[in-house]
Amino acid sequence: MHWAAVTPDAVALHEPDGATWTYRRLYETVRGCAFSLRGQGIGPGDVVCTATADPVAARLLRWSANLAGAVDALLDPALPTAELAARAGAVRAAAVLTGTDLAALVCVGRDGAPGSANAVAPTGPGTPARVLFTTGSTGTARAVLQLAGQLDSAAASNVAGRGITGRDVLLCALPPHHAAGSLFEDSALTVGGGLRLLPAPGSAGLAAGLSAGPATVATVVPALLAGLADRAGGLTALNRLRLLNYAGEAIDAELLRQLLEVYRGRVTRGYGLTEAGPLVSILPDSAHRGATLPAPGDVGVPAPNVEVRVAPGTGELHVRSPHVMAGYLGDPVVTRERLRDGWLATGDIAEWRGGGLRLLGRLGNRIRSGGEWVSLDQVQRCLAEAPGVAGAAVVAIAHPRWGQRPVAFVAVRAGFAQEELRARVAATLARPSWPDRVHVLEELPRTGHGKLDHEAMRRMASCESSGDVVEFGTR
């Protein structure tokens with residue numbers, strides 16, 4: 001609403017086909033749709049789910065729900081129908097909207113335009129505003145609730161930490177149901193910047209978006225960069241941006257070297273989790289362009305207005321900020337477990353190293369195997385540092401004799417040799433920590449928005465040996 005009054009003719013949204021939306025047009029359309037929702041009885045406190053692959057409809061429906069005073073809950077349209085229904089049911093959605101619904105809402109909104117000012121519901125910092133779903137490492141989807149003031153705080157922290165201005169155009173490489181994608185979209189619109197939507201998801205869409213028109217900022221997951229690197233001139237095309245942020249996990253060292261060789265803009269890494277709003281810390285460009293590359297666990301310093309502490313004894317990282325979640329919607333028990341005296345328990349183990357935070361693994365990401373403790377994070381680091389390995393992941397599976405055993409997955413590139421992998425495991429890990437087997441893949445299984453799909457890997461691991469596998473044998 002603010003920029004529709006201050007700079008009404010500034011471009012707020014660039015569609016994939018080249019069409020543009022000014023702030024005035026955007027606000028008038030969203031206001032009309034919100035009026036339609038209010039006419040259907042949707043208002044403050046109601047949860048409105050949106051599930052559509054249409055990038056324009058997804059944003060317009062989200063903003064319309066917000067303007068009606070409702071809570072927006074974006075669903076990943078790639079999820080199975082049963083899972084979409086389960087998530088909508090879990091938050092007791094008052095409505096589930098699709099791209100088809102948008103046309104009807106716009107039509108009704110136009111008919112009711114004279115009264116559309118009634119679409120704007122009174123809101124304040126404490127008003128429930130958004131739900132994002134996260135599975136973390138548990139495999140169980142939880143609905144993270146954020147209040148309006150928390151969304152404002154997160155955007156302000158990101159704007160200050162990365163220097164985003166009203167002259168910036170965000171290339172929306174991550175979908176809005178992704179926490180980092182949602183944060184950067186909020187940030188661009190908070191300062192009066194613009195959004196450029198991609199014509200398709202994935203690295204192909206990113207490549208097309210880079211050539212479609214001016215953009216200055218993007219946030220990606222490493223898997224997108226890996227796909228872009230496989231395209232001729234793909235990484236070089238990133239020079240159209242002044243700032244590239246990556247989130248979700250560390251970038252493979254070889255890929256990071258390639259990126260830094262050709263990309264002249266600023267590179268930052270964002271660390272966070274959906275429950276943290278999501279921003280916790282930023283690894284700056286200077287840390288990427290020093291004498292040595294940052295370690296995979298290096299995540300920089302706390303973002304503006306964020307406090308962190310490392311709990312004595314456990315080493316768990318705790319976070320406090322004005323944008324930490326209000327809680328898990330409908331799950332007060334787990335909320336109390338994660339929010340303690342104003343601090344969010346992240347579940348990540350960290351330490352201060354060289355003036356910044358370094359992640360060491362996940363709290364509890366250990367298994368008991370035949371009376372011996374095995375750190376899955378230690379096994380993963382060992383494999384990830386082997387020659388020719390582009391990425392690694394480790395899961396635990398049940399074993400009739402040992403209780404649990406680690407099974408690993410590696411994505412490989414040129415130069416990989418099974419003998420070198422075996423030698424590294426033998427030289428680095430104690431015998432109980434050796435994985436029973438390592439599945440050799442071209443790419444690690446990932447979810448729709450680029451995170452490692454541990455559930456898929458557990459299913460693969462339970463099917464015993466298949467395809468290209470390095471067998472180590474049960475201990």
Side-chain angles (χ1 to χ4, degrees), residues 30 33-54 57-102 104-105 108 118-136 138-151 154 175-179 182 186 273-278 323-339 344 447-449:
V30 168
C33 290
F35 175 73
S36 303
L37 291 174
R38 293 296 295 274
Q40 296 177 22
I42 292 173
D46 290 327
V47 177
V48 176
C49 288
T50 299
T52 175
D54 183 326
R59 275 80 177 181
L60 295 180
L61 290 171
R62 155 182 273 188
W63 299 329
S64 299
N66 289 154
L67 199 58
V71 180
D72 80 80
L74 258 67
L75 302 176
D76 181 354
L79 289 172
T81 302
E83 180 63 19
L84 290 173
R87 295 191 180 192
V91 297
R92 300 181 179 178
V96 179
L97 305 178
T98 67
T100 303
D101 296 315
L102 178 63
L105 290 173
V108 174
N118 295 328
V120 181
T123 60
T127 304
R130 180 171 300 164
V131 164
L132 290 175
F133 289 90
T134 180
T135 55
T138 67
T140 301
R142 291 196 174 98
V144 175
L145 176 64
Q146 292 175 293
L147 309 180
Q150 292 166 343
L151 296 177
H177 60 261
H178 187 290
S182 183
D186 289 349
L273 55 162
T274 306
E275 293 88 341
H323 47 268
V324 164
M325 68 171 181
Y328 294 113
L329 190 62
D331 200 338
V333 174
V334 180
T335 297
R336 287 193 294 270
E337 292 175 357
R338 298 295 299 276
L339 294 177
L344 170 70
T447 63
H449 44 270

Provide the closest heavy-atom pair for [X] versus [Y] in the form atom of the first, atom of the second, distance.
{"X": "Leu102", "Y": "Cys33", "value": "CD1-SG, 3.9 Å"}
{"X": "Leu75", "Y": "Phe133", "value": "CD2-CE1, 3.3 Å"}
{"X": "Val48", "Y": "Ala65", "value": "CB-CB, 3.9 Å"}
{"X": "Leu84", "Y": "Leu79", "value": "CD1-O, 3.7 Å"}
{"X": "Ala143", "Y": "Val131", "value": "CB-CG1, 3.7 Å"}
{"X": "Pro176", "Y": "Leu74", "value": "CG-CD2, 3.3 Å"}

Could you check if a side-chain atom of [X] sits within less than 4.5 angstrom of a side-chain atom of [Y], using non-hydrogen atoms only?
{"X": "Leu97", "Y": "Leu105", "answer": "yes"}
{"X": "Pro278", "Y": "Leu273", "answer": "no"}
{"X": "Val324", "Y": "Glu275", "answer": "no"}

Rounded at 0.5 Å granularity, tell me how far [atom1] in [X] sits from [atom2] in [Y].
{"X": "Ser36", "Y": "Ile42", "atom1": "OG", "atom2": "CD1", "result": "10.0 Å"}
{"X": "Leu329", "Y": "Leu145", "atom1": "CG", "atom2": "CG", "result": "5.5 Å"}
{"X": "Asp186", "Y": "His323", "atom1": "CG", "atom2": "NE2", "result": "12.0 Å"}
{"X": "Thr98", "Y": "Asp54", "atom1": "OG1", "atom2": "CG", "result": "9.5 Å"}
{"X": "Asp331", "Y": "Arg338", "atom1": "CG", "atom2": "CZ", "result": "11.0 Å"}
{"X": "Leu60", "Y": "Asp101", "atom1": "CG", "atom2": "CG", "result": "13.0 Å"}

Any sub-3.5 Å donor-acceptor pair from Gln146's side-chain atoms to Gly277's backbone N or O?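 Yes, Gln146 side chain to Gly277 backbone: donor-acceptor pair under 3.5 Å.
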Could you check whether any side-chain N or O of Thr335 sits under 3.5 Å from a backbone N or O of Tyr328, counting only pairs where one atom can act as donor and the other as acceptor?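 Yes, because the side chain of Thr335 sits within donor-acceptor range (under 3.5 Å) of the backbone of Tyr328.
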Residue pairs passing the side chain to side chain donor-acceptor pair (under 3.5 Å) test where at least one lies in residues 81-90, sequence neighbours excluded: Glu83-Arg87
Residues passing the side-chain hydrogen bond (donor to acceptor under 3.5 Å, both in side chains) test with Arg62, sequence neighbours excluded, are Asp72, Ser182
Counterpart residues, side-chain hydrogen bond (donor to acceptor under 3.5 Å, both in side chains), relative to Thr50 (two or more places apart):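 Thr50 satisfies side-chain hydrogen bond (donor to acceptor under 3.5 Å, both in side chains) with no residue once adjacent residues are dropped.
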